[in-house]
Amino acid sequence: MSLIPQNLQAITSTIVATAQDVGRAPQSVQLLAVSKTFGPEAVLEAVQAGQRAFGENYLQEGVDKIKALQAAGAPALEWHFIGPIQSNKTRPIAEHFDWVHTVEREKIAQRLSEQRPEGMAPLQICLQVNISGEASKSGVAPDELAALAHKVAALPNLTLRGLMAIPEPAEDFAQQRAAFAQLRVLYEQLRADGLALDTLSMGMSADMRAAIVEGATIVRVGSAIFGSRNYNKA
Ligand SMILES: *Cc1c(COP(=O)(O)O)cnc(C)c1O
C-alpha cells in the first residue's frame with residue numbers, strides 16, 4: 001500500500017505544529033509537493049489525498065506529467081517549476097506552469113514574460129537567491145538582488161511574488177535557521193523598498209521546520225511525501 005496519503009498527513013501536522021509554536025497561522029504556510037522523478041500515478045494519489053500544488057524540476061518530465069494529469073481528469077492543479085532554467089527552454093515553462101521559483105537573470109524573466117500566452121494569468125515568480133556564497137552556483141547574488149527584483153516586477157506578464165533559496169544542507173537546526181534568516185532579511189528589505197512581495201519559498205524535507213520558524217510561506221517537500229528518488233529510472 002502506498003504511503004503517500006499518510007506522509008502528506010504527517011507533513012501537514014508538522015507544518016501546523018511548527019507554525020503554531022512560533023505564533024504563525026498554519027494556513028500561512030503552503031505545502032508544495034515536489035514530484036520530480038515520480039510518475040503521474042503518484043501525483044494522482046496525492047491529489048486524491050487533497051494535495052493541489054506540485055513542483056517539478058525537469059521540463060519535459062514536468063510537461064508530460066501536467067498533460068497526463070489533465071488527461072486523467074484530475075481537478076485543477078497548480079504547477080510550480082523549481083529547476084534550473086536554460087534560456088532556450090523558457091517557452092514550455094511559460095505555456096504550462098503557474099509559478100517559477102528559479103528566476104535568477106533578467107533575460108530569463110523577459111523571455112518568460114514575452115512567451116506567456118495571452119489569456120493566461122500572469123506567471124507567478126520567485127527570484128532564486130544564492131545565500132550560501134561560493135558553495136552554490138545557482139541564484140542571484142544578494143548584492144544584485146534589488147536591481148533584478150525591480151526589473152522583474154516591471155515586466156507585464158509576470159507577477160513577482162518573492163524569493164527562493166536552497167541553502168547548503170546543514171544538520172544543525174540553528175545553522176539551518178541562520179541561512180533561512182538571511183533570505184528573510186533580504187525579503188523584508190525589498191518589501192521596505194516598496195515591492196509587494198508575499199512569498200518566501202524555502203525549506204525541503206530535511207529542513208522545513210527551520211524554514212517555517214524563519215517565515216517560509218511555501219515549503220517544497222519531495223522525499224518525505226513520495227519516498228526516496230531513483231534518478232536512474234526517471
Ligand atoms: C528536489 C527538490 C526539493 C525537494 O527535496 P526533498 O529533499 O526531496 O524534500 C525542493 N526544492 C528543490 C528546488 C528541489 O530540487
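Both counts, for ligands and for their atoms, begin at 1 and track the order of listing. Since the structure is predicted, the reported quantities are computational estimates derived from the model, not experimental observations.
The 12-atom threshold is exceeded at CD of E78, counting heavy atoms of other residues, nucleotides or ligands nearer than 6.0 Å.
Counting the atoms of ligand 1 from 1 in the order shown, those under 4.0 Å from a heavy atom of V221 are 9 (O). Less than 4.0 angstrom separates some heavy atom of I166 from each of these atoms of ligand 1: 13 (C). Interface of G222 with ligand 1, defined as ligand atoms under 4.0 Å from a residue heavy atom, comprises 4 (C), 6 (P), 8 (O), 9 (O).
We find the CD1-CD distance between I131 and E168 to be 10.0 Å, quoted to the nearest 0.5 Å. Interatomic distance, L123 CG to H96 NE2, rounded to the nearest 0.5 Å: 12.5 Å.
The aromatic rings of F81 and F97 sit perpendicular to each other, their planes meeting at more than 60°, with 30° as the lower class boundary.
When hydrogens are left out, the protein atom nearest atom 7 (O) of ligand 1 is S223 OG, 3.7 Å; that is the closest non-hydrogen contact. Of all protein heavy atoms, the one lying nearest to atom 6 (P) of ligand 1 is S205 OG, 3.5 Å.
The closest approach between R229 and ligand 1 falls below 4.0 Å for a heavy atom of the residue.
Neither the backbone nor the side chain of H101 comes within 4.0 Å of ligand 1, counting heavy atoms alone.
Selection from N57, T37, T102 by nearest heavy atom to atom 15 (O) of ligand 1 gives N57. Taking each of I82, L32, V34 in turn, the one with a heavy atom nearest to atom 13 (C) of ligand 1 proves to be I82. The closest heavy-atom contact to atom 2 (C) of ligand 1, among the options M202, R220, K36, E56, comes from K36.
A side-chain contact (heavy atoms from CB on, under 4.5 Å) with M202 is found for one member of M164, E214, M208, Q176 and no other, namely E214.
Nearest approach of S35 to E56, heavy atoms of both residues: OG-OE2, 2.6 Å.
With salt bridges taken as basic N to acidic carboxylate O contacts below 4.0 Å, none links R184 and E188.
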Worked check of side-chain contact (heavy atoms from CB on, under 4.5 Å) between E106 and L148: CA-CA 6 Å; E106 186 188 3; L148 178 64; 4.0 Å; yes
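When only interatomic distances are considered, the shortest N/O to N/O separation between M204 and ligand 1 does not fall below 3.5 Å.
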